[in-house]
Amino acid sequence: MNPWHLYLMAGMYISIGCMHFIKPKAFLSIIPRYIPSGKMMVYISGLAEIILGVLVCIDLTKTYAIWGIIAMLIIFLLVHWHMIVDKKFHHKFPKPILWFRFFLQFGLMYWAYYYL
């Protein structure tokens, strides 16, 4: 049986993934312009979060889902770095918050890795 905090992590990814479909403009606004098909990427990343959140709860697919989550978070570092260096975000978010969000990705990677 998996610990309760694994299900908390799964629920977090499923919830955030659903938000990609409920509020896509919020996610689209932070995607760097150099990433093609921004709106499609919002939906793809949301779907990936939902699928990985479900698969991490299944013993047969848990290891693959964990590695998928870690890979996804590494890719998301691009978006968080973009928010740090692009001045248009500095009036929306205090710079310490942007840095916190960037480094939070490493904590989330560790959280996923913990279950291997």
Side-chain angles (χ1 to χ4, degrees):
M1 181 159 171
N2 292 316
W4 66 269
H5 37 86
L6 180 127
Y7 297 108
L8 176 66
M9 181 181 75
M12 179 187 72
Y13 286 111
I14 293 167
S15 297
I16 294 170
C18 289
M19 290 306 296
H20 283 69
F21 295 94
I22 296 168
K23 299 271 188 185
K25 287 182 183 178
F27 293 93
L28 184 59
S29 71
I30 65 172
I31 292 185
R33 299 272 184 244
Y34 58 82
I35 295 178
S37 305
K39 194 169 188 179
M40 181 62 70
M41 289 306 216
V42 167
Y43 293 134
I44 290 170
S45 61
L47 186 60
E49 288 183 271
I50 293 166
I51 291 170
L52 292 169
V54 170
L55 293 179
V56 81
C57 297
I58 302 167
D59 286 333
L60 187 63
T61 57
K62 182 170 81 171
T63 299
Y64 298 109
I66 289 168
W67 286 114
I69 288 169
I70 292 169
M72 179 180 68
L73 292 169
I74 290 169
I75 293 167
F76 289 174
L77 283 172
L78 290 172
V79 173
H80 292 287
W81 181 253
H82 170 71
M83 291 178 75
I84 291 168
V85 298
D86 189 334
K87 292 184 180 175
K88 80 174 186 179
F89 293 104
H90 297 178
H91 72 280
K92 292 181 183 179
F93 305 99
K95 208 154 189 185
I97 297 295
L98 296 174
W99 279 105
F100 173 77
R101 286 172 42 102
F102 180 79
F103 286 110
L104 178 64
Q105 301 305 298
F106 295 100
L108 294 172
M109 286 181 228
Y110 175 78
W111 188 12
Y113 186 79
Y114 173 82
Y115 301 109
L116 288 176

Problem set entry | Aromatic plane relationship, Trp99 with Phe102 - under 30° parallel, 30 to 60° tilted, over 60° perpendicular | perpendicular
Problem set entry | Check: Arg101 and Ile30 side chains under 4.5 Å, non-hydrogen atoms | yes
Seminar exercise, completed: Note: Leu116 and Thr63 closest approach over all heavy atoms is CD2-CG2, 3.8 Å
Problem set entry | From CZ (Phe76) to CD1 (Ile31), nearest 0.5 Å | 9.0 Å
Problem set entry | Least distance between heavy atoms, Met41 atom then Ile35 atom | CG-CG2, 3.8 Å
For this session: With rounding to the nearest 0.5 Å, note down the distance linking NZ in Lys62 to CD1 in Ile69.
Result: 11.0 Å
Exercise. Quick one: do Ile84 and Leu73 end up in the same hydrophobic cluster if we chain Ile, Leu, Val, Met, Phe, Trp and Tyr together by side-chain heavy atoms under 4.5 Å apart?
Worked result: yes
Seminar exercise, completed: CG (Leu104) and NE2 (His80) are apart, to the nearest 0.5 Å, by 7.5 Å
Exercise. Does Met109 share a hydrophobic cluster with Phe103, counting links as ILVMFWY side-chain heavy atoms below 4.5 Å and allowing steps through other members?
Worked result: yes
Exercise. Just how far is it from atom CE of Met9 to atom CG of Leu52, taken to the nearest 0.5 Å?
Worked result: 9.5 Å
Problem set entry | Ile66 with Phe106, same ILVMFWY side-chain cluster at under 4.5 Å | yes
Exercise. Under the side-chain hydrogen bond (donor to acceptor under 3.5 Å, both in side chains) rule, what pairs show up with a residue in residues 107-116, not counting sequence neighbours?
Worked result: His5-Tyr115, Trp111-Tyr115
Problem set entry | Path from Ile51 to Tyr43 over hydrophobic side-chain contacts below 4.5 Å | yes
Seminar exercise, completed: Between Ile70 and Ala112, the two heavy atoms sitting closest are CG1-CB, 4.1 Å
Problem set entry | Partner set under side chain to side chain contact (heavy atoms under 4.5 Å, CB included) for Met1, not counting sequence neighbours | none
Exercise. Can you hop from Val42 to Phe21 via hydrophobic side chains spaced under 4.5 Å?
Worked result: no
For this session: Write down the atom of Tyr7, the atom of Cys57, and the distance for their closest heavy-atom approach.
Result: CD2-SG, 3.6 Å
Problem set entry | Working for side-chain contact (heavy atoms from CB on, under 4.5 Å), residues Ile58 and Leu55 | CA-CA 5 Å; Ile58 302 167; Leu55 293 179; 4.3 Å; yes
For this session: Quick one: pull up CG in Leu8 and OH in Tyr13 and give me the separation to the nearest 0.5 Å.
Result: 10.5 Å
Exercise. Taking side chain as C-beta onward, heavy atoms only, is Trp81 less than 4.5 Å from Pro32?
Worked result: no
For this session: Considering non-hydrogen atoms only, spot the tightest contact between Leu6 and Val56 and give its length.
Result: CD2-O, 3.4 Å
Exercise. Partners of Asp86 by side chain to side chain contact (heavy atoms under 4.5 Å, CB included), sequence neighbours excluded?
Worked result: His82, Lys88, Phe89
Seminar exercise, completed: Value for NE2 (His90) from CD1 (Ile97), rounded to nearest 0.5 Å, stands at 13.0 Å
For this session: Please report the shortest heavy-atom distance between Phe27 and Ile16, naming the atom on each side.
Result: CZ-O, 4.2 Å
